Amino acid sequence: MDFRLSEDHLLIQAAARDFAQQEIAPSAQAFDLSGEFPSANIAKAGELGFMGVEVPEAYGGAGLDTLSFVVMLEEIAAADAAHSTIISVNNSLYCNGILQFGTEAQKIQFVLPIASGKAVGCYGLTEPQSGSDAGNSRTRAVLAADGSHYVINGKKSWITSGPVADFMLLFATVDPSRGAKGVSAFLVDTHQPGLIRGRSEPKLGIRASATCEIEFADYRLPVANRLGEEGQGFLIAMTVLDAGRIGIAAQSVGIARAAYDAAVDYARERKAFGARIGTFQMIQLKIADMKCRLDAARLLTYRAAWNKLEARKAGLRNTTEASVAKLFASETAMFCTHQALQIHGGMGYSKDLPLERYFRDAKITEIYEGTSEIQRMVIARQETGLR
Ligand code: CAA
């Protein structure tokens, strides 16, 4: 077994690091303060192939593997988590599902513009009354009498990139009496009548990744835009989340790394009681614990990325590996940002340094794409076979 990245992976890592440090990092604080969506940076990410890393070139993407995706995303997140959220959702929650379950025509219409960065995609699963209980959808899709289109009514909430997205992978029920088995997936053009965007959510962190409610009021969706079969939607949603959670793991590693690097630098430079604080055992303990968790989180994320492709080839699910990586990495991001802020003392609490932003941004990784509690439930169910 070789733990080193290949030449190709090192190349994408270097390209992503250059872009992240030169284009994103300098403006991260301003975007955090304004909450403005970073359209120009996202367009540049598209030009670099980062909006559809695993998408074949024929559909506008870079045609690389999942490890390339996570290596790229760690670099973006280390500069700014909000940018990495937008990029992760575009790649893993939006493009992935259409590539796996879509027809050729759907891939051309709905993946090509998104993977090339000319348009933005979003994922519509959560509703005001169903977050963790994702199968409990009330958004309703009713097939018209002539069978040509669905009429969609209902409300989706916490939609990442919702305020600006051009297309949405939507989940709605065609038969509420069937629970999760009644859910279907649809490809929505957000610029058609009957789709109403709500106000942008005022959030604790990842503030430049715009989030809003999206309401459907008699929205007409052509039957050709249903993804997969009727009733296959929950399976699609979960399969897509098994990919998305690897993205959130990579994002978490990036946030944790940024905090860790800042803490090590500060421990080397800062003096107290006549010595550099990095010589104090209580600081050393924090640095050692951060380093162990950061390395473990990255290795679990790489394993999940590798396993995703292996599992797909074998027709298996990559549920456990994705949830293990997401759970451990997100708690690592929270741990490392907490410890790094503490090492910085008062300076960590100031907006003059990015530590407080890392700390606020880290929290969402324990919540979205399945809370830490849901990840533990998923892992335990997979391990025991019990429900
Ligand atoms: N892959 C394939 N199939 C799966 C699956 C998976 N990962 N998970 C479940 N299924 C299948 C089950 O096998 C089952 O099929 P059968 O009935 O044929 O056996 C069916 O789906 C129903 O599964 P469960 O009985 O396990 O469903 P449940 O209602 O108990 O809940 C859950 C499952 C794991 C809790 C799920 O609802 C879940 O993951 N919840 C969290 C939702 C989530 O992550 N939301 C985040 C939204 S996206 C986001 O955060 C926004 C963003 O933009 C970043």
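Since the model is a prediction, treat every value here as computed from it, not as a measurement. Atoms within each ligand, like the ligands themselves, are counted from 1 in listed order.
- The environment of CD in Q192 is crowded: more than 12 heavy-atom neighbours from other residues, nucleotides or ligands sit within 6.0 Å.
- For ligand 1 and L241, the ligand atoms under 4.0 Å from any heavy atom of the residue are 43 (C), 44 (O).
- Distance screen at 4.0 Å: atom 11 (C) of ligand 1 has no protein heavy-atom neighbour inside the cut-off.
- Using a 4.0 Å cut-off between heavy atoms, S132 contacts ligand 1 through its backbone alone, with no side-chain atom that close.
- Counting atoms of ligand 1 from 1 in the listed order, those under 4.0 Å from a heavy atom of T160 are 52 (C), 53 (O), 54 (C).
- In this model, no donor atom of one side chain and acceptor atom of the other lie less than 3.5 Å apart for Q232 and S184.
- Each of the atoms 1 (N), 6 (C), 7 (N) of ligand 1 lies under 4.0 Å from some heavy atom of D242.
- For ligand 1, the atoms closer than 4.0 angstrom to any heavy atom of T126 are 47 (C).
- Shortest contact from atom 34 (C) of ligand 1 to any protein heavy atom: V378 CG2, 3.6 Å.
- Atom 15 (O) of ligand 1 has K181 NZ, 4.0 Å as its closest protein atom, hydrogens excluded (heavy atom only).
- Less than 4.0 angstrom separates some heavy atom of G131 from each of these atoms of ligand 1: 42 (C).
- Residue contacts with ligand 1: R245 is placed with a nitrogen or oxygen under 3.5 Å of a nitrogen or oxygen of the ligand (distance criterion only).
- Partners of D295 under the side-chain contact (heavy atoms from CB on, under 4.5 Å) rule, at least two apart in sequence or in another chain, are K291, R298.
- Distance from atom 25 (O) of ligand 1 to its nearest protein heavy atom, with residue and atom name: R387 NH2, 2.6 Å.
- Closest to atom 27 (O) of ligand 1, if we only count protein heavy atoms, is F234 CE2, 3.9 Å.
- Annotation: cation-pi geometry satisfied between R293 and F335 (NZ/CZ under 6.0 angstrom from ring centroid, within 45° of ring axis).
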Run R376 and E373 through salt bridge (Lys or Arg N to Asp or Glu O under 4.0 Å) and show every step you take. CA-CA 5 Å; R376 287 188 164 85; E373 290 75 10; 5.9 Å; no
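- Under the ring pair (Phe, Tyr, Trp, His ring centres under 6.0 Å) test applied with Y123, the options F171, W158, Y94 reduce to a single match, F171.
- Close approach of ligand 1 to Y123 (heavy-atom distance below 4.0 Å) involves ligand atoms 48 (S).
- Residues N41 and S27 have side chains in contact (heavy-atom distance under 4.5 Å, counting atoms from C-beta outward).
- For ligand 1, the atoms lying closer than 4.0 Å to a non-hydrogen atom of L235 are 2 (C), 3 (N).
- One N or O on the side chain of R197 and one on the backbone of A165 form a donor-acceptor pair closer than 3.5 Å.
- Heavy atoms of S161 stay at 4.0 angstrom or farther from ligand 1.
- For atom 1 (N) of ligand 1, the nearest non-hydrogen atom of the protein is R317 NE, 3.3 Å.
- Closest protein heavy atom to atom 9 (C) of ligand 1: M238 CG, 3.8 Å.
- For ligand 1, the atoms lying closer than 4.0 Å to a non-hydrogen atom of A134 are 37 (O), 42 (C).
- By the 30° and 60° cut-offs, the orientation of the rings of Y150 relative to F186 is perpendicular.
- Using a 4.0 Å cut-off between heavy atoms, Q251 makes no contact with ligand 1 at all.
- With atom 35 (C) of ligand 1 as the reference point, the heavy atom nearest to it among K326, M377, R381, E369 is part of M377.
- One side chain, T211 or K203, offers a donor N or O that lies under 3.5 Å from an acceptor on the other.
- Of the possible polar contacts, none joining the R257 side chain to the E74 backbone as a donor-acceptor pair under 3.5 Å is found.
- Under the 3.5 Å distance criterion, the side-chain polar atoms of S161 are left unmatched by any main-chain donor or acceptor of V164.
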